[in-house]
Amino acid sequence: MIFTSHMPQALAEARAAAQRGEVPVGAVLIGPDGRIAGAHGNRTRELSDPTAHAEILAIRAGCAAAGSQRLPGYSLWVTLEPCAMCAAAISAARIETLYYGAADPRMGGVAHGARVFDHPQCHHRPQVYDGIGADASRDLLQDFFAQRR
């Protein structure tokens, strides 16, 4: 099996989110067949929906396409460490593998904060690989917020 990083596509989604005035976070959901099942950037402002994080939107698209609330064998690529809400959704969807870029010490829910997957009541713990494309992800976020200050 050949390993393919989907972080470039997640970064493209994050850049598109920034163009829309959204916090630049992107997510790409990959099905067991290696095809993109969902790709989104944040849309919380556009949709007036605090749950419209990139990860949630990608998971919703994947579940709709699969016709199931469970996504075993799927992998999710995200530019920023998922928050607790998104980590819980990843667990609930039974996503097999999570890859993320930049750490989020303030709001992260995987390696920081709530550490959702470490909680004894967590139903499913995906394999987690962090730091993939971290510099590009962090730079995108820092540039976005620097322009707003």
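- Counting only distance, with no hydrogens or angles, the side chain of Arg94 and the backbone of His123 share no donor-acceptor pair below 3.5 Å.
- Connection of Phe145 to Leu80 is established within a shared hydrophobic cluster, with ILVMFWY side chains joined at heavy-atom distances below 4.5 Å, either directly or through further cluster members.
- In terms of heavy-atom proximity, Ser91 sits nearest to His124 at OG-O, 2.8 Å.
- Between the side chain of Glu81 and the backbone N or O of Asp104, at least one donor-acceptor pair lies under 3.5 Å.
- With hydrogens and angles disregarded, a donor-acceptor distance shorter than 3.5 Å links the side chain of Ser137 to the backbone of Gly133.
- Between the side chains of Arg60 and Thr51, at least one donor N or O lies within less than 3.5 Å of an accepting N or O.
- Note on Tyr129: it clusters hydrophobically with Leu11, by side-chain heavy-atom contacts below 4.5 Å among ILVMFWY residues.
- The shortest non-hydrogen separation linking Val28 to Gln9 is CG2-CG, 3.3 Å.
- Of all heavy-atom pairs between Ala17 and Val23, the closest is CB-O, 3.9 Å.
- Although no hydrogens or angles enter the test, the distance criterion places no donor-acceptor pair under 3.5 Å between the side chain of Glu55 and the main chain of Val78.
- Each of Leu71, Leu29, Ile30 was compared with Leu76 under the side chain to side chain contact (heavy atoms under 4.5 Å, CB included) criterion, and only Leu29 meets it.
- A perpendicular orientation is assigned to the rings of His6 and Trp77, their planes being inclined by more than 60° (bins at 30° and 60°).
- Counting heavy atoms from C-beta on, the side chains of Thr79 and Met7 come closer than 4.5 Å.
- At a threshold of 4.5 Å between non-hydrogen side-chain atoms, the residues Tyr100 and Val128 count as touching.
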Would you check, one step at a time, whether the test side-chain contact (heavy atoms from CB on, under 4.5 Å) holds for Arg43 with Asp49?
CA-CA 8 Å; Arg43 292 185 180 273; Asp49 179 355; over 6 Å; no
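- Nearest approach of Phe117 to Cys122, heavy atoms of both residues: CA-SG, 3.8 Å.
- Remark: Ala54 engages Val25, Ala27, Asn42 in a side chain to side chain contact (heavy atoms under 4.5 Å, CB included) (not counting sequence neighbours).
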If you apply the rule side-chain contact (heavy atoms from CB on, under 4.5 Å), what do you find for Val110 with Arg115, and how did you get there?
CA-CA 4 Å; Val110 177; Arg115 297 179 189 246; over 6 Å; no
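- For the pair Leu57 and Ala52, the tightest heavy-atom approach, listed with the atom from each and the gap, is CD1-O, 3.7 Å.
- Side-chain atoms of Leu140 and Pro24, non-hydrogen and from C-beta on, do get closer than 4.5 Å to each other.
- Considering every non-hydrogen atom in both Ile95 and Pro126, the closest pair reads O-CB, 3.2 Å.
- Judged by distance alone, the side chain of Arg70 and the main-chain N or O of Ala92 form a donor-acceptor pair under 3.5 Å.
- Legend: salt bridge (charged side-chain N to carboxylate O under 4.0 Å, His left out) pairs involving residues 12-24, not counting sequence neighbours, sorted by first then second residue: Arg20-Glu46.
- Ile56 is listed as a side-chain neighbour of His53, based on a closest heavy-atom distance under 4.5 Å.
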Chi angles and distances behind the side-chain contact (heavy atoms from CB on, under 4.5 Å) call for Leu98, Ser75
CA-CA 6 Å; Leu98 169 65; Ser75 61; over 6 Å; no
